Every structure is written in structure tokens, then in C-alpha cells.
Amino acid sequence: MKRRRSHQSSLYRKEKIYAYLFISAPVIGFLVFTFVPSLYSLYGAFTDWNGLGQMNFIGLDNFKALFKDEYFYKAMYNTIFMMIGIPIGVVLSLLLALALNRGVPGTNVFRVIYYIPVISSIAAISILWQWAYNGDYGLVNQFLGFFSIKGPNWLQNVHTVKPALIIMAVWKGLGYTMLLYLAALQSVPKTFYEAAKLDGANALQSFWYITLPMVKPVTFFIIVTSVIGGAQIFTEIDVMTPNGGPEFSSASIVWYIWQKAFGNFQLGYASAMAVILGIFIFIVTYIQFRLNERSRFDMD
């Protein structure tokens, strides 16, 4: 009996060791590449540091200068404004998922077509759209020319640069969110719709009272991750409008952080902006979780 228990405890110890080995990789990666750099950046926010020399502690001076920086407010406004594309993308992807869920011919082909931008390089896609938006020979203006519409120079116009970036971002993320919605729609029990039909519900009522509540967890996930990703938009801005756009009208907050850190070598100041951005993302995400809890429903 003792030998059996000893054998079981030996197996348990081996399994425990293997479990810790598997867990250690992501934990060490998080500590080395996320947690420690975040603490270092937090301390850097209170210093005057150029990234090479000594870090001189200056207290709250970076934050005082930050809140007087008009470009910081512009960059935050641009970032928040470009998040308009999130609800647009959610609605379009849900409509596409509903269409593909009806079993139309060529569904698999459409899935691949819509998903190609998701797996494509964001830098390559940005270059492609930069060419498409060109005011002289761009594909967008050529298309508008068929309807006798003279298109602007999209990326060099204060009024059109942000909508142009929003359209590109929606197009790129459409395939990912569409597939998430498609998976959610296919998991909804058909008996719900059959029962609703027997009760006299029409298609719109079934969509409103069955489909929308059942895909709500996916909607919540998409919105939260999209807001976090939208607050950190950088590559598109740097490739398509490398100078922050006309009159700084397309510069995002992450682009401005990068510019201050690696363009002007003001890493302490950039770290202060990164702290503010982190607090902003935390507050917005917390509000979303609270709103989701209030509207949550339990299915018996």
C-alpha cells in the first residue's frame, strides 16, 4: 500500500514539474517583455532621459508639460475619432456573417476573400491603400471619376485623411470579426428560432430577441479588443502619413509617443504619455466590463 502511494506521489511530482515547465514559458515571457518594461517605463515617466544617458528624476515635470502640449490633445482626439470605425465594422461584419450563415453558394470562397486582409502584412496593406488614395492616379479617385466626381488627395487633406484611415481599418478587420460572428451564429440552437416562429415571431423579431442576445458575448469581446487595438494604432499612420498628416490631423497617440521617444529622444516624456494612454485604456475597458455586467442575462 505504501509502495503504491509512493508511486502515485512520484507521478504527481513529475506531472507537477512538467506543468510548471509548460506554464513557465508564457510567464517568463510576460515578466521579461511586458511586466518589467512596464515598471521601467513607469519610472521613466518621472525622469528626464534621452534613452542613452543617465535617468534624472524630475518628479511630475513631464506630466505638467504633457497637459500643456497641444499636440498631445490633438493626437488623443485623432485616436478617439478614428475609433468611429469600430461600430461601423461591427455592424458590417454582423451583416456579412448573417448573409454567409444562410448557406449561399460559394460561402467558403467568400470567407477566404474576406480573411485575406487579416493575415496580410499591415505595412503592405498600408502601402497598397496609400497608392489607392493618391490624388492623381489612385484607384479610389479613378472609380469616382466614372461618376464624374473629382476626388480629393485623400491623405493630404485635413478633412478626408481620418475618414480614409477609418475605411482602411474597417476593411482590414472585417474578415476577422465576420468569422467570429459566423461561429457565434452557427452555435445558436435552431430550436430557438423554431419556437419563436411557432409563437408568431417574424424575422426581425427573431433577430432582435434571439440572434442579438446570443451573439452578445462575441460583440463584447470584439468591442473591447477593438478599442484596445484602436488606441494603439501606429503602423498605418507611420506608413500612410509619415509626418502625422496635414496639420497633424492623422497623428495617433502611439505615433506621437514613438516620435517623441525615437525622433526627439525624449524617452521620459514619451513614457509619461504611455502612462496616460495605459490609464485611458484601463478606464475605458473597465467601463465596458461594468456596462456588460449590468446588461448580462442568464439563460435557464
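What you are looking at is a predicted structure, and each value in this text was computed from that prediction instead of being measured.
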Working for side-chain hydrogen bond (donor to acceptor under 3.5 Å, both in side chains), residues T219 and Y181: CA-CA 8 Å; T219 303; Y181 271 129; 2.7 Å; yes
Check the surroundings of atom [atom1] in [X]: do more than 12 heavy atoms from other residues, nucleotides or ligands lie under 6.0 Å from it?
X: F72; atom1: CZ; answer: yes
X: Q186; atom1: CD; answer: yes
X: F22; atom1: CZ; answer: no
X: F143; atom1: CZ; answer: no
X: Y73; atom1: OH; answer: yes

Treat each ILVMFWY residue as a node, draw an edge where side-chain heavy atoms are under 4.5 Å apart, and state whether [X] and [Y] are in one component.
X: L100; Y: I113; value: no
X: V32; Y: V36; value: no
X: I122; Y: W131; value: no
X: I149; Y: L155; value: yes
X: V109; Y: L182; value: no

F265 vs K260, side chain to side chain contact (heavy atoms under 4.5 Å, CB included): CA-CA, chis, key distance, verdict: CA-CA 6 Å; F265 296 102; K260 282 293 184 182; over 6 Å; no
State, with a plain yes or no, whether a side-chain heavy atom of [X] is found less than 4.5 Å away from one of [Y].
X: N292; Y: K216; answer: yes
X: M168; Y: I125; answer: yes
X: F280; Y: I80; answer: yes
X: F46; Y: N62; answer: no
X: V254; Y: I233; answer: no
X: L267; Y: N50; answer: no
X: F207; Y: L94; answer: yes
X: V161; Y: T241; answer: yes

Does [Y] offer a backbone N or O that forms a donor-acceptor pair with the side chain of [X] under 3.5 Å?
X: N157; Y: H159; answer: yes
X: Q259; Y: N264; answer: no
X: W258; Y: F262; answer: no
X: T79; Y: I253; answer: yes
X: T34; Y: L31; answer: no
X: T285; Y: F282; answer: no
X: K162; Y: S249; answer: yes
X: T225; Y: F221; answer: yes
X: S250; Y: G244; answer: yes
X: K74; Y: E247; answer: yes

State, to 0.1 Å, how close [X] and [Y] come at their nearest heavy-atom pair, and which atoms those are.
X: I237; Y: S252; answer: CG1-OG, 4.0 Å
X: M178; Y: A97; answer: O-CB, 3.7 Å
X: P189; Y: M214; answer: CD-CE, 4.3 Å
X: M83; Y: V227; answer: CE-O, 3.6 Å
X: N78; Y: A251; answer: ND2-O, 3.0 Å
X: G44; Y: T47; answer: O-OG1, 2.8 Å

Look at the rings of [X] and [Y] and say which category their plane angle falls in: under 30° parallel, 30 to 60° tilted, over 60° perpendicular.
X: F248; Y: W255; result: perpendicular
X: F220; Y: F289; result: perpendicular
X: W129; Y: Y133; result: tilted

State which residue, out of N134, T160, N141, fulfils the side-chain hydrogen bond (donor to acceptor under 3.5 Å, both in side chains) condition with W154. N141
Point-to-point distance, once rounded to the nearest 0.5 Å, from [atom1] of [X] to [atom2] of [Y]:
X: Y18; Y: I23; atom1: OH; atom2: CD1; result: 15.0 Å
X: I127; Y: S121; atom1: CD1; atom2: OG; result: 7.5 Å
X: I166; Y: I84; atom1: CD1; atom2: CD1; result: 5.0 Å
X: T177; Y: L92; atom1: OG1; atom2: CG; result: 8.5 Å
X: D238; Y: E236; atom1: CG; atom2: CD; result: 10.0 Å
X: N56; Y: W49; atom1: CG; atom2: CH2; result: 11.5 Å

Does the pair Y269 and D48 meet the rule for a side-chain hydrogen bond (donor to acceptor under 3.5 Å, both in side chains), with working shown? CA-CA 7 Å; Y269 190 75; D48 179 18; over 6 Å; no
Looking only at side chains, do Y256 and D69 share a donor and an acceptor under 3.5 Å apart? yes
Any side-chain donor paired with an acceptor under 3.5 Å for Y40 and S271? no
Apply side chain to side chain contact (heavy atoms under 4.5 Å, CB included) to the pair V90 and I222, showing each step before the final yes or no. CA-CA 8 Å; V90 167; I222 290 171; 3.9 Å; yes
salt_bridge(E293, R290) N-O dist < 4.0 Å: yes
Can L98 and R102 be said to form a side chain to side chain contact (heavy atoms under 4.5 Å, CB included), step by step? CA-CA 7 Å; L98 288 169; R102 298 178 66 88; 6.0 Å; no
Could you walk me through whether I276 and F63 pass the side chain to side chain contact (heavy atoms under 4.5 Å, CB included) check? CA-CA 9 Å; I276 298 298; F63 293 94; 4.0 Å; yes
